[in-house]
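Lettering of chains follows the sequences in order, A, B, ..., and the numbering in each one begins at 1. Hydrogens, waters and symmetry mates are skipped; everything else that's a heavy atom, side chains included, is used.
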Number of protein chains: 2
Amino acid sequence: MSNAHVPAPTSRREQILKEAARLFAERGFHGVGVDEIGAAVGISGPGLYRHFAGKDAMLAELLVGISERLLEGGRMRIAEGGESPEAVLHALIDGHIDFALDDRPLITVHDRELDRLREADRKRVRQLQRQYVELWVEVVRECYPACTESEARSAVHAVFGLLNSTPHLSPRASLPPRAATEALLKRLALGAFAAAADRERMPAE
Amino acid sequence: MSNAHVPAPTSRREQILKEAARLFAERGFHGVGVDEIGAAVGISGPGLYRHFAGKDAMLAELLVGISERLLEGGRMRIAEGGESPEAVLHALIDGHIDFALDDRPLITVHDRELDRLREADRKRVRQLQRQYVELWVEVVRECYPACTESEARSAVHAVFGLLNSTPHLSPRASLPPRAATEALLKRLALGAFAAAADRERMPAE
DNA sequence: TGTTCGAGTTAATGGCCGTTAACCTCATTT
DNA sequence: AAATGAGGTTAACGGCCATTAACTCGAACA
């Protein structure tokens with residue numbers, strides 16, 4: 001019952017989560033108080049407890065949520081299946097870049113505050129992350145059969161580090177137009193993967 | 001006076017800093033108490049205050065120290081000047097990789113806890129970081145004149161993200177031998193830079 | 001031999017902050 | 001019109017934790 005007059009597309013919960021993500025990214029989980037989070041959405045202090053069981057619950061929902069969306073997005077792009085493995089890899093990269101640019105704060109919090117979670121949640125997040133990585137590893141190995149699995153996995157982690165570096169760029173004033181950043185990041189990622197593959201290069205210094 | 005019988009090559013201060021770095025990396029600055037740091041070096045609790053003005057002072061010394069060492073190392077390698085810009089870039093990459101692999105905890109803390117610092121220290125660290133980046137940017141632009149300065153800077157940040165991704169690999173059991181990891185990371189970094197340069201690639205999906 | 005001083009110790013203090021209690025106030029329902 | 005419940009409010013409470021106080025102890029020094 002009551003489905004026709006929800007106040008807005010963004011519910012209070014979502015609004016709180018968004019602000020919490022921003023604040024956590026800026027000053028760290030322990031660095032921000034519940035009063036601040038409340039203030040950021042116009043209510044103050046313990047009013048948050050009408051929406052969440054506690055501060056930890058907000059962090060948990062943020063981290064589980066982002067991990068799930070990343071994995072689901074990845075699966076979707078693979079299922080859509082391009083005509084070639086290369087096309088799929090391109091799609092994965094594009095998707096991750098969109099994500100990194102759209103949800104910068106979440107990306108930041110993602111690997112900063114994992115161990116502030118309760119055992120159960122942390123395990124779940126790690127499992128989702130692992131699955132996401134494995135998705136990429138498979139595609140990368142299809143594109144570059146010369147790559148060992150271990151190499152592919154390391155390369156995928158490294159490329160995540162590369163793509164997730166965008167938060168470090170942001171504080172700069174007058175950042176270049178988004179399309180340019182997207183294109184550059186994509187080139188960098190593809191270049192890195194390609195280099196991971198051919199083991200014969202560079203006389204080793 | 002008294003210079004001949006210091007107990008060990010590693011003073012108490014250094015020992016404390018090392019353990020603090022490890023703990024900060026594992027659980028975050030706010031997540032670890034002074035008692036824990038003390039316990040890690042065999043003394044307990046407030047005994048630390050004989051060596052440091054406070055918990056903040058430890059973090060400050062860690063972050064300023066790492067930033068200074070990185071910058072100094074970079075300057076040294078540039079001063080030594082290889083026969084070509086490419087050789088210098090290789091040296092910079094090798095140096096950064098060694099650093100990332102040797103001081104994993106520090107690398108982690110480096111960009112995680114910057115804003116827990118007092119204004120003055122934070123400014124100093126940021127300035128050192130900026131100088132280090134500019135070092136790389138210059139060398140990259142010599143290697144790849146087709147790169148705009150903005151592109152080069154973004155690429156450098158991204159490659160730092162790539163190289164600093166090693167902490168994420170470590171928890172994996174049976175990590176590949178160090179030499180292999182070094183070689184792979186170097187290939188990835190060089191591949192990324194090369195790709196940043198040639199703007200004509202990939203039909204852009 | 002007595003003194004100083006570096007390096008610890010344990011016990012108290014004080015502040016911050018997450019959480020809970022108790023109370024309020026509109027809409028909505030009946 | 002009374003009842004209900006969602007969503008807030010302010011005022012405690014309680015625990016954790018960095019820091020300080022007060023005291024100890026052994027070595028170097030004179």
State, with a plain yes or no, whether a side-chain heavy atom of [X] is found less than 4.5 Å away from one of [Y].
X: L106(A); Y: R69(A); answer: yes
X: L48(B); Y: H51(B); answer: no
X: I107(A); Y: T166(A); answer: no
X: H90(A); Y: L190(A); answer: yes
X: D98(B); Y: R178(B); answer: yes

Round to the nearest Å and state the distance from [X] atom [atom1] to [N] atom [atom2].
X: F29(B); N: dC17(D); atom1: CZ; atom2: P; result: 13 Å
X: L48(A); N: dT10(D); atom1: CG; atom2: C1'; result: 15 Å
X: I37(A); N: dT19(C); atom1: CD1; atom2: P; result: 10 Å
X: R13(A); N: dG7(D); atom1: CZ; atom2: P; result: 11 Å
X: D35(A); N: dT20(C); atom1: CG; atom2: C1'; result: 14 Å

Nucleic acid contacts - residues 115-123 of chain B versus DNA chain C, non-hydrogen atoms under 4.0 Å: none

I37(A) to L23(A) - nearest heavy-atom pair and separation: CA-CD1, 3.9 Å

Heavy-atom pair of closest approach, residues M58(A) and L17(A):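 Minimum heavy-atom separation between M58(A) and L17(A): O-CD2, 3.9 Å.
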
Residue pairs fulfilling ring-ring contact (aromatic ring centres under 6.0 Å, His included) with at least one residue in residues 94-128 of chain A, sequence neighbours excluded: H96(A)-Y132(A), H96(A)-W136(A), H96(A)-F160(A)

All pairs passing ring-ring contact (aromatic ring centres under 6.0 Å, His included) where residues 17-43 of chain B contributes a residue, at least two apart: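 Listed once each, the pairs are F24(B)-F29(B).
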
Touch class at under 4.0 angstrom, heavy-atom based, for V32(A) against every strand present: sugar-phosphate

Per-nucleotide protein contact string for nucleotides 3-8 of chain C (B base, S sugar-phosphate only, - none; heavy atom under 4.0 Å): ----BB

DNA chain D-proximal residues of residues 52-62 of chain B, any heavy atom under 4.0 Å: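 Per residue number, the list reads G54(B), K55(B).
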
Derivation of the side chain to side chain donor-acceptor pair (under 3.5 Å) call for R12(B) and Q15(B): CA-CA 5 Å; R12(B) 213 62 203 269; Q15(B) 190 188 4; 3.0 Å; yes

By ring-ring contact (aromatic ring centres under 6.0 Å, His included) - contacts of Y144(A) (at least two apart):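 For Y144(A), no residue satisfies ring-ring contact (aromatic ring centres under 6.0 Å, His included) once neighbours in sequence are set aside.
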
